[in-house]
Amino acid sequence: MVSLAGSFLVARPVLKDPSFAQTVILLLQHSAEGAFGLVVNRPTRVKGLPFPIFAGGPCPSEGLFLLHGHKEWLDPEKDDPKREVAPGIYLGDASCVNRVREPLPGEELRFRMLTGYSGWGPDQLERELAAGAWAVVPANAAALFETAPEDLWSSLLPPTIPQPSVN
C-alpha cells in the first residue's frame, strides 16, 4: 500500500455527504490502519479572534491544530521529520501558536488554525477512492496559503474526463 500522506484529497462532485462536499483535505497520516487529515477550506469566524478557525472535519478534537508555512519556526533541537507534512507545510506546536498571536513587526503569517479532524478506519478511504469520491492531488504550501479558501476546491479539482460516445 502506498501512503497518500502529504496529499490533498479533493472531494469530487459525486461526494454528496454534507460533511465533505466541496472540501479539500490535507492528509496527514495514511496506512493500513486508516487515515487522518484536516479539511483546509472551511473557515469559520470565532468572536474575539482576528483570524478564522477552520473546521478540520466532523470528528471533534480536544484542542486546535496548526498548519503553517514557516520553516524558521521549527526548533532545530527537535529534528522531527514528521513536522513537514507536505512541501512547505508544517505541523505547528504551542510555540508556533505564540508566533501567530504575537507576530514580529512586518511578518507575513502563513497559517491555518483548525478544530476537528477527518478520519477513516482501515480500508475505508481506499473504498471511497475506488468509488471515485476523491481526487488525490500533491499538496504544497503555495496552493494552501496563496489560494483563497473559497477558491481552493475549484482550483484543485481535476477536470472530469468525458465519457466517449459510442455512436
- Message: Taking V39 as the starting point, is it possible to reach L129 by hopping between hydrophobic residues whose side chains are less than 4.5 Å apart?
- Response: yes

Sub-4.5 Å side-chain heavy-atom contact between W153 and V10: yes

Separation between CZ (R12) and CD (Q22), nearest 0.5 Å, reads 14.0 Å

Residues 42-65 side chain polar contacts: donor-acceptor under 3.5 Å, at least two apart:
residue, atom, partner, partner atom, Å
R42, NH1, P18, O, 3.4
R42, NH1, S19, O, 3.0
R42, NH2, P18, O, 3.4
R42, NH2, A21, O, 2.6
T44, OG1, I53, O, 2.6
S61, OG, G63, O, 2.9
S61, OG, G116, N, 2.8

Rounded to the nearest 0.5 Å, the CG atom of N98 sits from the CH2 atom of W73 at a distance of 10.0 Å

Cluster membership besides L104, Ile/Leu/Val/Met/Phe/Trp/Tyr side chains within less than 4.5 angstrom, sorted by chain and number, is none

**Study point:** L38 and I25, any side-chain heavy atoms less than 4.5 Å apart
**Key:** no

query = Got more than 12 heavy atoms from elsewhere within 6.0 Å of CD, E102?
reply = no

S155 meets the side chain to side chain donor-acceptor pair (under 3.5 Å) criterion, sequence neighbours left out, with none

Interatomic distance, CG@L91 vs CG@L67, rounded to 0.5 Å, equals 6.0 Å

Shortest non-hydrogen pair, A35 vs L27, comes out as CB-CD1, 4.0 Å

Value for CG (L28) from CG (L4), rounded to nearest 0.5 Å, stands at 12.5 Å

Is it true that I89 and Y117 fall in one hydrophobic cluster, defined by side-chain heavy atoms closer than 4.5 Å? yes

The ring pair (Phe, Tyr, Trp, His ring centres under 6.0 Å) partners of Y90 (sequence neighbours excluded) come to H68

Distance col, row L26:CG vs F36:CZ, nearest 0.5 angstrom, shows 9.5 Å

Applied to residues 124-135, the side chain to side chain donor-acceptor pair (under 3.5 Å) test, sequence neighbours excluded, yields H30-E126, W120-E128, E128-W134

Hydrophobic clustering (ILVMFWY, side-chain heavy atoms < 4.5 Å, transitive) - are V137 and L125 grouped together? no

For this session: Tell me whether V24 is reachable from L144 by hopping between hydrophobic residues (I, L, V, M, F, W, Y) whose side-chain heavy atoms are closer than 4.5 Å.
Result: yes

Tightest non-hydrogen contact, residues V40 and R112, listed as O-NE, 3.3 Å

Practice prompt. Check for a donor-acceptor pair, side chain of D93 on one end and backbone N or O of C96 on the other, with a separation under 3.5 Å.
Written response: yes

Heavy atoms of N41 and P149 approach each other most closely as CB-O, 3.5 Å

Distance col, row E108:CD vs F145:CZ, nearest 0.5 angstrom, shows 11.5 Å

Closest heavy-atom pair, A143 versus L152, reported as atoms and distance to 0.1 Å, is O-CD1, 3.3 Å

In short, side chain to side chain donor-acceptor pair (under 3.5 Å) pairs touching residues 138-149 with sequence neighbours left out are R110-E146

Q) Can you hop from L15 to F8 via hydrophobic side chains spaced under 4.5 Å? A) no

